Amino acid sequence: MKIIIAGAGDVGFHLAKLLSYESQDTYVIDFDGDKLNYINNNLDVITKKGDATSVKLLKEIGVESADLLLAVTESQNTNFTISVIGKALGAKKTIARIKNQEFLETKDVNFKDFGVDFMISPQELAADEIKMLLNQSSFNDTVAFENGLFNVMGTSLTYKSPIVDLTVKEAKDKFNMVDFITIAIKREGVAQTIIPRGDTVYKMSDQVYFSVPNYSLDKLYPIIGKEHLDINNVMILGGSGIGQKTARNLCKDNFKVKLIEKNKNKAIRLAEELSNTLIINGDGRNLELLEEESIRQMDAFIAVTGDSETNIMSCLVAKSKGVKKTIALVENMDYINISQTIGIDTLINKKLIAASNIFRHIRKGEILALANLHNIDAEVFEFEVQPNAKVTEKPIRELRFPREAVFGGIIRNEKALMSFGDMQIQNGDKVIVFCLPEAISTVEELFN
């Protein structure tokens with residue numbers, strides 16, 4: 001598969017990193033020589049310095065034979081231009097990163113007519129992620145498949161969890177009335193993600209990811225030693241596009257929302273546009289202001305200003321005031337893995353979310369959905385099983401399934417089924433699979 005990435009920023013770099021695991025024929029274009037040098041030194045891809053809107057440059061790298069052209073620069077207009085030119089020159093599929101969410105909502109314009117096959121808005125995706133995290137508030141990572149029929153839930157184990165010091169098999173035997181599969185464990189001081197087996201032991205402070213059918217969600221809380229948090233009152237710091245979209249999303253679901261914005265003119269505009277949100281003009285770093293606005297009565301605090309350090313520090317302040325759930329937006333992807341260490345519930349990066357969303361277009365096989373978990377350099381897939389796929393030939397325990405991957409569940413005729421060893425996967429099933437990078441190609445082969 002030949003893939004051209006226009007833009008070597010965070011989104012472009014993360015996409016190139018994911019692709020480098022699979023030896024795809026990948027090209028990265030950017031003006032910035034330093035960014036390209038960094039990519040050359042760290043990833044196995046081809047770089048080209050120059051203007052991705054240049055017809056000459058695109059033809060030089062063979063855009064006419066490209067399966068996918070990803071325009072992910074910081075400029076929305078540039079991304080549109082690249083997509084239109086690339087499509088006209090023969091690229092099979094184009095994806096443009098955009099900022100204006102109106103483009104996603106309008107039915108008056110068919111952007112495919114101009115050469116833009118898909119559009120991705122990092123702000124829109126980040127706001128949707130925040131809403132999902134609040135709805136499953138005792139977990140710091142959550143991904144829903146098939147409208148929640150199956151869910152991947154991540155949480156950090158504390159001393160209160162009854163499964164600490166038990167093996168996976170012992171925990172399953174002890175809580176045999178609950179359907180769940182442990183698909184991954186991230187352990188402090190251990191670089192490699194653990195794909196758990198029956199004899200794997202849960203330890204305190206483990207970041208554990210469970211695959212859970214919808215009917216077992218409420219039963220999972222006692223297993224992790226936590227209670228479901230009722231989130232009603234939410235404070236948002238920052239009237240950015242993400243802050244505005246998040247406030248609108250939450251108000252639709254009857255959350256009570258306060259939004260603090262430092263810029264007076266922006267605060268006035270937000271007050272006009274967000275009629276159900278209380279807009280406060282002030283500096284959210286001011287402790288007196290937070291106290292005046294009843295920070296101690298808030299159930300959740302979401303910091304989405306343009307400054308990562310402000311977001312982190314304000315969430316730590318909120319946590320110290322007793323706020324149950326804190327979410328901070330960070331620009332630096334390196335921060336993502338430290339959320340539990342520093343005491344914030346969840347750190348999110350809109351570019352990482354966007355890259356993960358784009359990446360599903362790259363996957364082979366009949367992939368319906370794909371997600372990256374925050375603390376793990378791996379993927380959760382939802383495959384639709386095709387006729388005569390290798391995965392249907394034998395029961396799960398007899399399949400030569402790689403150790404670096406695990407089944408998370410099966411959806412058959414809109415019902416959630418557990419993917420235990422004696423289960424036979426059938427044509428038409430939708431299957432959840434957690435997979436480390438080194439096993440992706442093997443797993444894809446089984447579903448082809």
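Bear in mind the structure is a predicted one, so any value in this text is a computation, not a measurement.
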Close side-chain approach of Val317 to Leu290, heavy-atom, < 4.5 Å:
yes
Within a 6.0 Å radius of atom CG on Asn413, are there more than 12 heavy atoms belonging to other residues, nucleotides or ligands?
no
Electrostatic pair Lys92:Asp67 at N-O distance under 4.0 angstrom
yes
Ser308 side-chain N/O to Glu331 backbone N/O, donor-acceptor pair under 3.5 Å
yes
Thr155 and Lys226: side-chain hydrogen bond (donor to acceptor under 3.5 Å, both in side chains), yes or no, with the steps?
CA-CA 10 Å; Thr155 191; Lys226 297 179 181 179; 2.7 Å; yes
Heavy-atom donor-acceptor pair, Thr142 side chain to Met153 backbone, under 3.5 Å
no
Stepwise, does the side-chain contact (heavy atoms from CB on, under 4.5 Å) test hold for Val212 with Asp179?
CA-CA 7 Å; Val212 191; Asp179 281 339; over 6 Å; no
Any salt bridge between Glu129 and Lys350, counting N to O under 4.0 Å?
no
Return yes if some donor-acceptor pair links the side-chain N/O of Ser294 with the main-chain N/O of Arg296 below 3.5 Å, else return no.
no
For residues Phe13 and Tyr38, establish whether the separation of their ring centroids is below 6.0 Å.
yes
So, for Phe103 and Phe80, is the gap between ring centers shorter than 6.0 Å?
yes
Does OH in Tyr215 sit with more than 12 non-hydrogen atoms of other residues, nucleotides or ligands closer than 6.0 Å?
yes
Could you please spell out the steps behind the side-chain contact (heavy atoms from CB on, under 4.5 Å) verdict for Ile236 and Ile130?
CA-CA 11 Å; Ile236 300 172; Ile130 289 168; over 6 Å; no
Let me see the working for Ile358 and Val11 under side-chain contact (heavy atoms from CB on, under 4.5 Å), right down to the final yes or no.
CA-CA 9 Å; Ile358 292 170; Val11 176; 4.3 Å; yes
Does a sphere of radius 6.0 Å around CD in Glu227 hold more than 12 heavy atoms from other residues, nucleotides or ligands, not counting ones at 6.0 Å or beyond?
no
Are more than 12 heavy atoms, taken from residues, nucleotides or ligands other than Asn41, located less than 6.0 Å from that residue's CG atom?
yes
Counting C-beta onward and ignoring hydrogens, is there a side-chain heavy-atom pair between Lys87 and Asp117 closer than 4.5 Å?
yes
Given side chains that start at C-beta, do those of Thr94 and Leu68 come closer than 4.5 Å, heavy atoms only?
no
Run Phe139 and Tyr209 through ring pair (Phe, Tyr, Trp, His ring centres under 6.0 Å) and show every step you take.
CA-CA 10 Å; Phe139 295 88; Tyr209 291 91; 10.0 Å; no
Before accepting this row, confirm whether a basic side-chain N of the pair Arg412/Asp429 lies closer than 4.0 Å to the acidic partner's carboxylate O.
yes
Does Gln76 use its side chain to pair, donor to acceptor, with the backbone of Glu74 at less than 3.5 Å?
no
So CG of Asn100 and CD of Gln123: to nearest 0.5 Å the spacing works out to 9.5 Å
Donor-acceptor pair, distance only, cut-off 3.5 Å: does the side chain of Ser419 make one with the backbone of Gly409?
yes
side-chain contact (heavy atoms from CB on, under 4.5 Å) between Ile327 and Cys315, worked out:
CA-CA 7 Å; Ile327 301 171; Cys315 278; 5.8 Å; no
Between Lys324 and Asp230, is the closest basic N to carboxylate O distance under 4.0 Å?
no
Holding to side-chain contact (heavy atoms from CB on, under 4.5 Å), I want the full list of residues that pass it with Lys131, two or more places apart in sequence or in another chain.
Asn135, Asn249, Leu250, Asp253
Taking C-beta and beyond as the side chain, do Phe301 and Met235 meet within less than 4.5 Å on heavy atoms?
yes
Minimal heavy-atom distance between Asp30 and Gly9, with the atoms involved, is OD2-N, 4.3 Å
How far does CG of Asn286 sit from CD of Glu291, to the nearest 0.5 angstrom?
10.5 Å
Determine the minimum heavy-atom distance between Leu347 and Ile312, stating which atoms define it.
CD2-CG1, 4.3 Å
CD of Glu105: more than 12 outside heavy atoms within 6.0 angstrom?
yes
I'd like to know if the side chain of Asn311 reaches the main chain of Leu329, judged simply by a donor and an acceptor atom lying under 3.5 Å from each other, with no hydrogens or angles considered.
yes
For Lys325 and Leu133 the tightest heavy-atom approach is CE-O, 3.7 Å
Compare every heavy atom of Gly50 with every heavy atom of Leu57, then report the nearest pair and how far apart it is.
CD1-CA, 3.7 Å
Identify the two heavy atoms, one from Met298 and one from Val234, that lie closest to each other, and give their separation to 0.1 Å.
SD-C, 3.8 Å
Please tell me if the side chains of Val431 and Phe407 come closer than 4.5 Å, counting only heavy atoms from C-beta onward.
yes
Polar side-chain atom of Ser83 near backbone of Asn79 as donor-acceptor pair, under 3.5 Å
yes
Restricting to side-chain contact (heavy atoms from CB on, under 4.5 Å), what partner residues turn up for Thr310, sequence neighbours left out?
Leu237, Arg285, Thr305, Asp307
Mind checking whether Met119 and Val116 have side chains closer than 4.5 Å, heavy atoms only?
yes
How long is the gap from CG on Asp25 to CD1 on Ile46, to the nearest 0.5 Å?
5.5 Å
For Leu446 and Pro402, which heavy atoms make the closest approach, and how far apart are they?
CD1-CD, 4.5 Å
Hey, what do you get for CZ (Phe383) to CD (Glu444), rounding to the nearest 0.5 Å?
5.5 Å
Is it the case that atom CE in Met313 sees more than 12 heavy atoms from other parts of the structure closer than 6.0 Å?
no
Face-on cation placement of Lys112 at Phe118 ring, 6.0 Å and 45° thresholds
yes
Close side-chain approach of Val380 to Val433, heavy-atom, < 4.5 Å
no
So OG of Ser216 and CG of Asn151: to nearest 0.5 Å the spacing works out to 10.5 Å
OG of Ser75 to CD1 of Ile98: how many Å apart, nearest 0.5 Å?
12.5 Å
Under a 4.0 Å N-O cut-off, is there an ion pair linking Glu64 with Lys2?
no
Residues Lys49 and Asp32 bridged, charged N to O under 4.0 Å:
no
Which of Leu259, Asn265, Asn263 passes side chain to side chain contact (heavy atoms under 4.5 Å, CB included) with Leu270? Answer is Leu259
If you define the side chain from C-beta out and look only at heavy atoms, does anything of Asn140 sit under 4.5 Å from Gln207?
yes
Should the heavy atoms of other residues, nucleotides or ligands under 6.0 Å from NZ of Lys319 be counted, would the total exceed 12?
yes
So does Gly7 get a backbone contact from the side chain of Thr73, meaning a donor-acceptor N/O pair under 3.5 Å?
no
